[in-house]
Structures are given as structure tokens and as C-alpha cells.
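Contents: one structure, followed by commentary.
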Amino acid sequence: MVNIRGFSLVFAAALLLLGVFISIPVGVQSVGVCYGMIGNDLPSKSDVVQLYKSNGITDMRIYLPDVEAMNALRGTGIGLIVGVANDILIDLAANPASAASWVDANVKPFVPAVNIKYIAVGNEISGEPTQNILPVMQNINAALAAASITGVKASTAVKLDVVTNTFPPSAGVFAAPYMTAVAKLLASTGAPLLANIYPYFAYIGNKKDISLNYATFQAGTTVPDPNTGLVYTNLFDAMVDSVYAALDKAGAAGVSIVVSESGWPSAGGDSATTDIARTYVQNLIKHAKKGTPKRPGVIETYVFAMFNENQKPGEATEQNFGAFYPNKTAVYPINFQ
């Protein structure tokens, strides 16, 4: 997760003119949680897996392969997203053998005992390195097929700035051609697009025009999309549906979205309190079963994050997105079911 979330200037300008607020969806049967490890005081990997189990958390995202964590997941049934590090994408794009070695080291030894669902090829890649995403996905898919590994889908995790014209949601379109190519590959493999969705950053960037209620799934605002007639009551849904609109325009209408990160900080900055964080996260979990106006139904969502991570760089809020303190006590009461 980075400090600045993709929230297009076009969308911000539209909000300024119209005073709107937006919404987003979550969850599967219950909800996943991102397990970040950028801290020097975190519990053991086995203790973390037990904490997931005891709270009924059905899915986990890790940002890099971690042998200890993945071994602790054996036999638990917990679904897993495993990340490919941003800094090795150049090698994996240029060398199919490197992609095969990555799969041999980080997937093959663990399936089927570990329920690996998706491989996230990079997280929030921007600039020139985006050109590596498609070939890495292709090479990973080829490596999975060569290893006779089925049921594991390669995708990539994006922030919202991959979409432009995000208001109204139906106007969303991918900002760069590489995303159209990625979307078409996802359509051909049946993999979802992983999207990191953060109403928090949109809200603190434009509190004049975005209400806290709208940003946190609370009542009080309705925003119609004039092109579709769909009505939005929260920021999360509008953001997600702008990505769906972009997928449609890319010829990938059948691709689903997995919300691979969404959360609210409980300390360290503007509007970062335990009460607001609890409200957002609990409402996100409840909303996950409903989907968005454009795509009703359950939407798989991962709360960011499991723990406060004391070595995260950036603003102080970056260290305070956790649902739990490193001592495993809850930052705020939450029901993940």
C-alpha cells in the first residue's frame, strides 16, 4: 500500500462541482485480511494463522512469498493471495525460465495443502514498469500450466488511477493501453482483476465535497449516475463500478473485481480514529455481501490490514491501518463474519 491512492483529477473535479460522495463493495462468505509484515514486533507466523482462524477470517493476502507463513497455512483451507515482488518483474518478464523458477519455489511445494487462489503480479505498479505486468502474467500462467497446477489465477493489484473519468462511474475507462491488454488476458483465463480501493484517501483529500457518512457506508447521500440511472449511496461502490465500466470498455465485461485492499487508519492523521476505522471496516464487511449497483452480489474483499506495522514508511497513518495490535489484541471491536 502506498500513501497516495489513485483517485483521478477528473473525478475530484466532478466532486468539487457536484458535491458528491461515492461507495465500494466487499467480501466473500466472510472477508479476507491483508497480512503485512513490515514490523519488528509482530507475532509468529503460526500465531498469526491461529488468529485468522479464531476470528473466522477465511482469506489472507501476503505481499511476498513467505515459507513460514505458507507452511502454517497448510491444511487450514484459508484462501491465499501471494504477491510477486515489484522489483523482480523485469526479470520475470524477460525470462520465462525465471517465472518457472518462481512458481517452482513459491507455488508448487505448497499446493494443494495451501489454498492458493491468486498470484498478484506486482502491487500498484506505475510508470514504465507497468509494461512488465502482461508478460509476467503470461509467463506465470505458462509456468503454472507446465507444472500442472490448476485453480491458481495470475492477476495484478492496481490502484484506482489506472482508471480515468471515474465520475460518473459509468464513464470509467482505462488510462493506459497496457490495462486493456491485461484485462483481455484476465478475460481469457477467468482470473479477476485485483483492485485496491480507499475511500479514506479520497475523503481526506476533499472533505468539502465528500461527507464522512458517504465515505463510511452511512446513510445520508444518494448520487445518481445520469448515464445508467444507478444510484450510489457510498463512495466504495462508485469507485468499484468505475473500474467495472473500464473493464467493459476494454472488452472484458466478464472479468470480476476482487477488492484486494480497503481500510481506514485508526491513528496518526486526519480523521484517523478508532471509532471511524471501526465504522468503516465493519460496514465494509457487511456491505461485501451486497455488491455494487452495477454488479450486485457478494464481492470478495480484503481488509487492510491485520496488524499495525511499526516499520511502514510514509505518513503516520500508514503504520495504523491494523485491526490488531502486534500483541494480538483488537484495535477496535470487529466481527469478520
Side-chain angles (χ1 to χ4, degrees), residues 1 5 21-36 48-62 76-81 115 117-118 157 192 194-203 212-221 232-241 243 256-266 271-308 320-325 328-337:
M1 187 180 72
R5 299 295 166 185
F21 329 110
I22 332 173
S23 99
I24 292 189
V26 303
V28 275
Q29 302 94 331
S30 68
V31 67
V33 181
C34 299
Y35 174 18
V48 172
V49 171
Q50 289 304 312
L51 191 60
Y52 271 70
K53 292 172 64 178
S54 65
N55 282 276
I57 302 169
T58 61
D59 294 273
M60 174 188 291
R61 179 183 179 189
I62 57 177
T76 64
I78 292 172
L80 184 66
I81 302 177
N115 180 21
K117 298 168 69 175
Y118 316 122
L194 309 178
N196 298 342
I197 304 291
Y198 282 93
Y200 170 74
F201 292 103
Y203 168 69
L212 183 61
N213 279 6
Y214 195 71
T216 57
F217 301 98
Q218 299 182 80
T221 304
Y232 291 85
T233 60
N234 65 83
L235 183 55
F236 180 89
D237 284 342
M239 295 169 80
V240 171
D241 276 358
V243 184
S256 62
I257 291 171
V258 168
V259 177
S260 44
E261 289 183 15
S262 191
W264 197 284
S266 63
S271 302
T273 71
T274 54
D275 284 345
I276 300 174
R278 181 196 60 78
T279 297
Y280 178 80
V281 172
Q282 191 67 77
N283 287 340
L284 176 70
I285 292 167
K286 291 177 181 177
H287 190 70
K289 300 177 179 67
K290 300 177 181 178
T292 69
K294 183 174 174 63
R295 293 286 184 93
V298 170
I299 180 168
E300 186 175 349
T301 298
Y302 292 74
V303 171
F304 190 91
M306 195 65 174
F307 298 105
N308 287 343
N320 290 283
F321 270 85
F324 294 90
Y325 295 109
K328 299 184 288 185
T329 61
V331 174
Y332 43 78
I334 200 76
N335 181 357
F336 289 96
Q337 302 302 307

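Because only heavy atoms are used, hydrogens play no part in the values below, and waters and symmetry mates are left out as well, while side chains stay in. Keep in mind the model is a prediction, meaning the values are calculated, not measured.
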- Message: Restricting to non-hydrogen atoms, name the atom on Ile78 and the atom on Asn115 that form the minimum distance, rounded to 0.1 Å.
- Response: O-CB, 3.5 Å
- Report yes if some heavy atom in the side chain of Val33 is under 4.5 Å from a heavy atom in the side chain of Phe324; otherwise report no. no
- Item | Inter-residue atom distance Asn283.CG - Arg278.CZ, 0.5 Å rounding | 8.0 Å
- Under 3.5 Å, is there a donor-acceptor pair linking the side chains of Tyr203 and Thr216? no
- Message: Quick check for you: to the nearest 0.5 Å, what is the distance between Gln218 atom CD and Leu212 atom CG?
- Response: 6.5 Å
- For Phe304 and Asn196, run side chain to side chain contact (heavy atoms under 4.5 Å, CB included): C-alpha distance rounded to whole Å, both residues' side-chain angles, the deciding distance at 0.1 Å, then the answer. CA-CA 9 Å; Phe304 190 91; Asn196 298 342; over 6 Å; no
- Message: Quick check: do Glu300 and Tyr118 have side-chain heavy atoms less than 4.5 Å from each other?
- Response: yes
- Task: With rounding to the nearest 0.5 Å, note down the distance linking CG in Leu80 to CE in Met60.
- Result: 7.0 Å
- Take Leu51 and Met306, measure what side chain to side chain contact (heavy atoms under 4.5 Å, CB included) needs, and give me the verdict at the end. CA-CA 10 Å; Leu51 191 60; Met306 195 65 174; 3.7 Å; yes
- Query: Is there side-chain contact between Leu284 and Trp264, with at least one heavy-atom pair below 4.5 Å?
  - Reply: no
- Item | Distance, nearest 0.5 Å, that separates OG1 of Thr301 from CG of Asp59 | 10.5 Å
- Query: Which heavy atom of Phe307 sits nearest a heavy atom of Tyr325, and at what distance?
  - Reply: CD2-O, 3.5 Å
- Message: As an exercise, state the distance from CG of Asp241 to CZ of Arg295, rounded to the nearest 0.5 Å.
- Response: 8.5 Å
- Message: Could you report the tightest heavy-atom contact between Ile276 and Ser271, atom names first, then the distance?
- Response: CD1-O, 3.7 Å
- Query: Shortest non-hydrogen contact from Gln337 to Ile285?
  - Reply: O-CG2, 3.8 Å
- Taking the side chain as C-beta and beyond, is there a heavy-atom pair between Val281 and Tyr332 under 4.5 Å? yes
- Query: Would a distance-only check, ignoring hydrogens and angles, find a side-chain to backbone donor-acceptor pair under 3.5 Å from Gln282 to Asn335?
  - Reply: yes
- Query: Within the side chain of Glu261, is there an N or O that forms a donor-acceptor pair under 3.5 Å with the backbone of Cys34?
  - Reply: no
- Answer yes or no: is there a donor N or O on one side and an acceptor on the other, between the side chain of Asn213 and the main chain of Gly220, under 3.5 Å? no
- Message: Please report the interatomic distance CG(Asn55) to NZ(Lys328), rounded to the nearest 0.5 Å.
- Response: 11.5 Å
- Please answer whether the main-chain N or O of Gly322 pairs with a side-chain N or O of Asn308 as donor and acceptor at a distance below 3.5 Å. yes
- Is it true that a side-chain atom of Arg61 and a backbone atom of Ser260 form a donor plus acceptor pair closer than 3.5 Å? yes
- Query: Considering only heavy atoms from C-beta outward, does the side chain of Ile257 approach that of Thr292 to under 4.5 Å?
  - Reply: no
- Query: For Ser262, which of Tyr302, Tyr280, Tyr200 qualifies under side-chain contact (heavy atoms from CB on, under 4.5 Å)?
  - Reply: Tyr280
